[in-house]
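For reference, the structure discussed in these notes is given below.
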Amino acid sequence: MTLNRTLRQLSNARDRRDPEIYDYSPDGDFDPPPGTRYMTLAEAQSLECNLCGQCCGSEEADLIGFPLRQYTFGGIPQHQWRSMNGGQPLIIPLTPSGVARAWRPADANNDRPPAFRCEALQHHPDGTTRCGLWQSRRPSPCDAFPVKPKYYPSHLERGAYILLNTQYQRLCTWVDVLVCPDDSVILKWRKRDGTLSRRLTAEQRKYVARVFREAYRDVFSKDGSLPLREWRKVRAEEGAWR
Ligand code: SF4
Ligand code: SF4
């Protein structure tokens, strides 16, 4: 393991101990995790990938030697994208302890994506990574992550806020980003770095927390996501600050 990968493991270890990052609960009166940034889709899409590789394998984003958790690649279909890897599985499911295992039908379930490894991920001596398939066809989740799912523009137009699915990619450029509709009042309440201003009133903070909770549910809860039309009701509160 290179020095940089070792440092990344130390960073993963520190993050794993931070309950606010992983154990945020949308129920109750919780504030969004500290450091959350608020931006438009165009702003989010203008950021650059830092090549950390954490979206390309569970072991890149978690602590080797500890049980691996679920990651954001999504379900793995039975074909495992063999056609992109000379007939061999490209995306390989892992046991919680990080051992490659055979595909099974439950791996295709998008609601319970398994830990995985990708055969195309290349590690460079400087600690960065590269996708060996970058210039050719890649699995569709790779092209969408984390700011290009096709439905994002239409959901934002209809008033939804979208929490990017980067919860476990703590080194990702886009970690802890809440994408806001272009006319969101929250965009007026942030500092240059995208985090919230300290000068917000208690009511404004309460509203941001409510929005974050609903967006969190949309991404991470299996049965509690908000129907799109309900976002209009949530956003009715914004009228008071326009
Ligand atoms: S195909 Fe490339 S982008 Fe997709 S998971 Fe593998 S290394 Fe990452
Ligand atoms: S986790 Fe984010 S920053 Fe890291 S390689 Fe993936 S998209 Fe790029």
Side-chain angles (χ1 to χ4, degrees), residues 2 4-16 21-22 33 35-37 39 41-64 68-94 98 100-101 103 107-108 110 113-150 152 162-179 193-194 219-220:
T2 65
N4 277 318
R5 288 198 78 198
T6 304
L7 290 174
R8 189 155 62 206
Q9 280 289 295
L10 289 173
S11 157
N12 290 346
R14 186 199 58 216
D15 289 343
R16 196 163 175 130
I21 291 171
Y22 296 121
T36 301
R37 289 166 295 160
M39 52 184 84
L41 184 60
E43 288 167 345
Q45 287 178 337
S46 72
L47 302 179
E48 281 187 21
C49 170
N50 63 30
L51 307 174
C52 72
Q54 289 198 320
C55 56
C56 296
S58 307
E59 297 153 298
E60 307 299 321
D62 207 350
L63 198 55
I64 294 170
L68 297 168
R69 292 167 290 201
Q70 290 177 8
Y71 293 89
T72 55
F73 191 85
I76 303 174
Q78 187 171 14
H79 57 66
Q80 295 178 263
W81 289 279
R82 280 182 172 76
S83 62
M84 300 176 189
N85 191 35
Q88 296 301 312
L90 174 69
I91 304 292
I92 298 171
L94 303 179
R101 64 166 173 78
W103 181 90
D107 293 335
N110 261 325
F116 75 100
R117 183 181 295 151
C118 176
E119 288 292 285
L121 185 66
Q122 301 168 349
H123 292 94
H124 284 221
D126 66 358
T128 60
T129 63
R130 299 290 186 281
C131 170
L133 298 178
W134 176 247
Q135 310 231 311
S136 53
R137 210 158 67 81
R138 300 187 301 172
S140 51
C142 308
D143 290 326
F145 183 88
V147 283
K148 294 191 177 153
K150 286 190 183 136
Y152 275 11
I162 298 170
L163 183 62
L164 297 184
N165 196 358
T166 49
Q167 187 187 27
Y168 288 114
Q169 285 79 26
R170 303 310 304 171
L171 298 180
C172 179
T173 301
W174 291 272
V175 71
D176 294 338
V177 167
L178 184 72
V179 179
D193 65 1
V219 186
F220 295 112

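We count ligands from 1, going down the list as the structure has it; atoms in each ligand are counted the same way. Throughout, residue positions are numbered sequentially from 1 according to the sequence presented.
Between Arg138 and Asp143, at least one side-chain nitrogen of the basic residue sits less than 4.0 Å from a carboxylate oxygen of the acidic one, meeting the salt-bridge criterion.
At a cut-off of 2.8 Å, Cys131 does not coordinate atom 4 (Fe) of ligand 1 through any N, O or S atom. Not one N/O/S atom of Cys49, from backbone or side chain, sits under 2.8 Å from atom 2 (Fe) of ligand 2.
For atom 3 (S) of ligand 2, the nearest protein heavy atom (residue, atom name, distance) is Asn50 OD1, 3.1 Å. Among protein heavy atoms, atom 4 (Fe) of ligand 2 sits closest to Cys52 SG, 2.3 Å. Nearest to atom 2 (Fe) of ligand 2 among the protein's heavy atoms is Cys172 SG, 2.4 Å. Counting protein heavy atoms only, atom 5 (S) of ligand 2 is closest to Gly53 N, 3.2 Å.
Those atoms of ligand 2 that come under 4.0 Å of a heavy atom in Cys55, given as number and element, are 1 (S), 5 (S), 6 (Fe), 7 (S). The ligand atoms of ligand 1 that sit less than 4.0 angstrom from a heavy atom of Cys56 are 3 (S), 5 (S), 7 (S), 8 (Fe). Within the listing of ligand 2, atoms 3 (S) sit less than 4.0 angstrom from a heavy atom of Thr173. Proximity to Cys118 (heavy-atom distance under 4.0 Å) selects the following atoms of ligand 1: 1 (S), 5 (S), 6 (Fe), 7 (S). Per-residue contacts place Arg138 under 4.0 angstrom from the following atoms of ligand 1 (heavy atoms of the residue considered): 3 (S). Interface atoms of ligand 1 facing Cys142, defined by a heavy-atom separation under 4.0 Å, are 1 (S), 3 (S), 4 (Fe), 5 (S).
Using a 4.5 Å cut-off on side-chain heavy atoms (C-beta onward), Glu119 and Ile91 make no contact. Between Pro141 and Trp81 the shortest side-chain heavy-atom distance falls below 4.5 Å.
Counting heavy-atom neighbours within 6.0 Å of Gln122 CD, excluding the residue itself, gives a total above 12. Residue Arg137 places its CZ atom among 12 or fewer non-hydrogen atoms of other residues, nucleotides or ligands, all under 6.0 Å distant.
Proximity of a side-chain donor or acceptor of Glu60 to a complementary backbone N or O of Gly53 within less than 3.5 Å is not detected.
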Chi angles and distances behind the side chain to side chain contact (heavy atoms under 4.5 Å, CB included) call for Arg130, Leu51: CA-CA 7 Å; Arg130 299 290 186 281; Leu51 307 174; 3.2 Å; yes

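Of the residues Leu178, Val179, Asp193, Val175, the one that meets the side-chain contact (heavy atoms from CB on, under 4.5 Å) test with Arg37 is Val175.
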